[in-house]
Every structure is written in structure tokens, then in C-alpha cells.
Amino acid sequence: MAERILVTGGAGYIGSHACKALKNAGFIPVAFDNLSTGWSEAVRFGPFVQGDLMDRASIDAALAEWRPVAVMHFAALSLVGESMRDPGRYWRENVTGALNLIEATLAAGISRFVFSSTCATYGDQDGVILTEDTPQRPINAYGASKLAIEEMLENFAKSHGLDHVIFRYFNVAGCDPDAEIGEQHDPETHLIPLMLDAIAGRRPALTVFGSDYDTPDGTCIRDYVHVSDLAEAHVLGLRRLMNQGGSRVYCLGSGTGFSVREVIAHAGQITNSPVPIIEGGRRPGDPTRLVCGSERAKSELGWSPRRSTLDQMIADAWRWANRPGFTR
Ligand code: UDP
């Protein structure tokens with residue numbers, strides 16, 4: 001009998017790709033999601049439980065019914081701009097939700113936990129390649145809420161033996177190469193899907209958030225990593241937990257930074273269309289530059305990102321954006 005993994009946020013963008021990778025690796029992913037931002041159509045690789053992390057009883061019931069051997073926790077509010085406008089919601093839902101899940105996990109006798117953290121926990125440390133050892137100084141409530149959960153996990157590891165892997169993602173992009181699942185947010189706020197929508201004429205233009213940053217072309221620099229490569233890392237992290245236990249943090253990125261203008265230029269080439277843009281002001285909470293060093297994930301987990309070139313990510317996202325029957 002295949003082992004089951006509870007995947008919170010399994011109907012979301014990254015969670016659904018992780019479910020596919022888990023299924024391909026021989027596990028049964030049980031997607032647990034409140035569908036506030038996820039889509040039931042994205043649950044294609046295992047059972048679905050509609051539940052809410054703010055409702056401890058719904059977590060207990062899912063764990064009792066499916067008896068997973070580990071929990072992967074993706075479900076969270078994850079928008080920098082929104083977190084600056086409404087920090088209370090981020091502290092309440094992200095931090096309390098994680099606490100409920102961790103306590104329910106331990107109460108069910110499960111001691112393996114994989115957590116989605118973020119490069120937003122680092123804040124603005126321009127010029128530094130960010131690794132697991134870089135001090136974390138978040139500048140937005142989203143990053144602060146994720147850092148609080150990292151600390152929570154460390155506490156529960158010491159007190160209750162909760163073995164965990166924390167992945168700090170950089171900017172996740174692209175879609176499943178088979179286009180079975182993809183990126184679908186409502187409202188969409190992320191650079192690449194918004195840009196592709198503008199190219200396709202589904203939106204008037206992409207607004208560039210700030211051209212006065214201290215970077216060569218004045219726009220923010222980010223490290224983009226393919227969602228399918230990220231999903232593979234989760235399977236490797238899970239195997240590490242199952243084979244050797246203990247707790248470890250890994251940064252996941254491509255190691256290369258691209259400015260907003262560079263991403264726009266690549267998209268124009270790949271789609272063979274100009275990208276309509278409007279110059280806008282800075283978005284509050286945006287650091288200047290985030291670039292990842294992911295040597296640890298490569299050497300310890302054997303992670304080898306295969307699709308994380310910018311062109312591949314844009315091409316996969318473009319195929320998804322043009323899938324038959326899609327209207328936004
Ligand atoms: N960005 C932009 N216009 C948009 C959306 C994003 O210029 O409509 C910029 C944003 O300021 C950041 C980068 O694109 O520098 C990536 O933003 P995104 O929201 O995709 O991811 P985040 O960095 O917030 O995780």
C-alpha cells in the first residue's frame with residue numbers, strides 16, 4: 001500500500017505540482033485545502049479533503065481518516081502587497097493555521113513535516129547571495145509570518161521531536177510541462193502570468209513597479225525557479241526525512257537574478273510579441289534584489305533543477321496560458 005502524504009494547499013499552484021511529483025514518486029497525496037485561493041480542478045493526483053487550518057477539528061479528522069506518514073504544508077496567504085495592507089490577516093491565518101497544523105500533526109503521532117518558506121524572510125540585503133546561513137530580516141508581514149513559522153518548527157523539533165525540512169523558495173514560475181496543471185490565481189498579482197496576459201490582450205498593459213531601484217536598469221531583480229523543479233525538491237526532502245530524520249533548511253532558486261525589464265525582454269522574444277507596459281511606482285514591501293545560493297539542496301538532496309531557465313519557465317507558462325478553453 002502506497003504511503004499517504006497530507007498536502008495542505010494541495011489545490012493551489014505549488015501544492016498541486018507537489019501532488020503530481022508525489023504521485024509520480026509512488027506516494028498518495030491527500031490534498032487538504034479550503035479552496036479560498038485553490039481550485040478543485042487542480043486536485044488530480046489523489047484524494048481531496050475540503051478543510052480549513054483555522055478549524056482544528058477539520059485537520060484532526062483528515063489525519064484520522066487518511067493516516068499520512070508525513071505532512072507537507074503549502075497552504076498560506078502569500079502576497080507581499082496584500083500583507084503590507086493587512087498584516088493582521090497574515091499573522092492570524094498563516095501563523096495560527098500553522099500552529100493548529102503542527103499541534104494536530106503531533107497529536108496524530110506524525111513526526112515528519114515539510115514546510116514552504118520563502119526568500120521574503122530575508123528582507124532587503126542587496127548584493128548578497130542568499131543562503132541558508134544568511135540572517136533573516138523580513139521587511140513585509142508575509143515574510144515575517146513565514147519566519148515565525150520557521151521558529152515555531154524549531155521549537156517543536158526540540159520539545160516534541162518534530163523532524164522537518166524547510167524550503168525557502170525564491171520566485172516560483174512556470175507550469176507543469178504536460179500543462180495538466182498551472183498557475184491560476186484570482187486575482188493574479190504575479191509578474192509572469194500578468195505579463196503573458198498583457199501580451200495575449202487579456203489585460204491592457206503590465207505595470208512595472210518601480211524603475212528607480214539601485215540596479216543596472218532600475219527595476220527589481222528576482223531569482224526565478226521552475227515549479228516542477230521545486231516539486232521535485234519536495235520529494236527529495238521527504239525522502240531525507242523518511243530515511244535519516246533530523247531537520248534541515250534548504251534554499252531553492254536558480255542562482256541567477258533577472259530584472260523585471262529582463263523578464264519582459266525574454267517574454268517578448270519567446271512569444272514573438274511586444275509586451276505593453278506602463279511605468280508605475282514602487283510596490284511597498286518589495287526588496288531590491290533576491291538571488292539564491294542553492295548549493296546545499298544540490299549537494300545534500302541531489303536536487304538538480306532541469307527546467308529553471310527563464311526561457312523554459314516563460315515557455316511553459318505561455319503554453320498553459322494558451323491552453324484550449326482558457327479564459328481569464
Ligand atoms: N512586478 C511588477 N509588476 C507586476 C507584478 C510584479 O513590476 O504587475 C514586479 C515586482 O515588483 C517584483 C517582481 O515583479 O519585483 C516579481 O513580483 P511577483 O509579484 O511576481 O513575486 P514576488 O517577488 O512578490 O514574490
Side-chain angles (χ1 to χ4, degrees), residues 8-9 11-15 17-18 33-34 36-38 52-54 72-102 113-126 128 130 132 134-154 164 166-173 183-194 207 209-210 213 220-225 227 230 234 249-253 257 260 280-292:
T8 75
Y13 171 43
I14 305 173
H17 285 79
D33 203 299
N34 65 4
S36 65
T37 56
D52 197 311
L53 295 176
M54 299 302 278
M72 283 194 183
H73 179 34
F74 295 89
L77 300 171
S78 62
L79 302 179
V80 167
E82 181 185 67
S83 83
M84 297 297 283
R85 292 189 298 276
D86 190 359
R89 201 172 158 222
Y90 275 68
W91 280 95
R92 202 161 34 249
E93 295 190 27
N94 284 358
V95 179
T96 311
L99 178 57
N100 286 340
L101 179 64
I102 289 169
F113 198 95
V114 179
F115 174 57
S116 304
S117 190
T118 168
C119 59
T121 57
Y122 290 110
D124 212 344
Q125 307 196 35
D126 196 10
V128 178
L130 302 163
E132 296 80 5
T134 309
Q136 292 160 290
R137 295 194 284 266
I139 59 165
N140 53 59
Y142 167 56
S145 71
K146 289 282 185 170
L147 179 56
I149 301 166
E150 289 197 16
E151 289 174 352
M152 199 189 289
L153 283 168
E154 213 176 297
H164 59 271
I166 294 171
F167 287 117
R168 290 185 195 137
Y169 312 151
F170 283 62
N171 280 62
V172 188
E183 185 165 14
Q184 200 171 355
H185 297 108
D186 186 15
E188 187 53 76
T189 64
H190 294 101
L191 177 65
I192 291 177
L194 284 177
T207 303
F209 291 150
Y213 287 93
C220 288
I221 292 179
R222 294 286 179 274
D223 178 322
Y224 295 85
V225 57
V227 66
L230 210 71
H234 285 72
V249 179
Y250 297 100
C251 289
L252 299 176
V260 172
R282 290 187 178 199
R283 183 173 66 177
D286 267 345
T288 305
R289 185 190 316 252
L290 294 168
V291 182
C292 173

Which value, rounded to the nearest 0.5 Å, describes the distance between Thr96 atom OG1 and Ile149 atom CD1?
9.0 Å
I need the full list of salt bridge (Lys or Arg N to Asp or Glu O under 4.0 Å) pairs touching residues 87-97, with sequence neighbours left out, sorted by first then second residue.
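Pairs touching residues 87-97 that pass the test: Glu82-Arg89, Arg89-Glu93.
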Residue pairs passing the salt bridge (Lys or Arg N to Asp or Glu O under 4.0 Å) test where at least one lies in residues 134-146, sequence neighbours excluded
none
Less than 4.5 Å apart, side chain to side chain, heavy atoms only: is that true for Phe113 and Leu101?
yes
Using a 4.5 Å cut-off on heavy atoms from C-beta on, say whether the side chain of Val249 contacts that of Arg168.
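A side-chain contact under 4.5 Å exists here.
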Can you list the residues that meet the side chain to side chain donor-acceptor pair (under 3.5 Å) rule with [X], with sequence neighbours excluded?
X: Ser145; value: Asn94
X: Thr189; value: none
X: Ser117; value: Glu150
X: Arg282; value: Asp212

Where the side chain of Gln184 meets the backbone of Tyr13, is there a donor-acceptor pair that is under 3.5 Å apart?
no
Residues forming a side-chain contact (heavy atoms from CB on, under 4.5 Å) with [X], sequence neighbours excluded:
X: Pro287; result: Asp124, Ile139, Arg222, Leu290
X: Thr207; result: Phe209, Ile278
X: Thr134; result: Tyr122, Gln125, Val128, Leu130, Thr131
X: Asp33; result: Ala11, Leu35, Phe48

ring-ring contact (aromatic ring centres under 6.0 Å, His included) partners of His234, counting only residues at least two apart
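Here the qualifying residues are Phe74, Phe167, Tyr169.
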Please identify each residue that fulfils ring-ring contact (aromatic ring centres under 6.0 Å, His included) with Phe115, with sequence neighbours left out.
His73
For the pair Tyr142 and Tyr90, name the ring-plane relationship: parallel under 30°, tilted 30 to 60°, perpendicular over 60°.
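Because their plane-to-plane angle is over 60°, the rings of Tyr142 and Tyr90 count as perpendicular.
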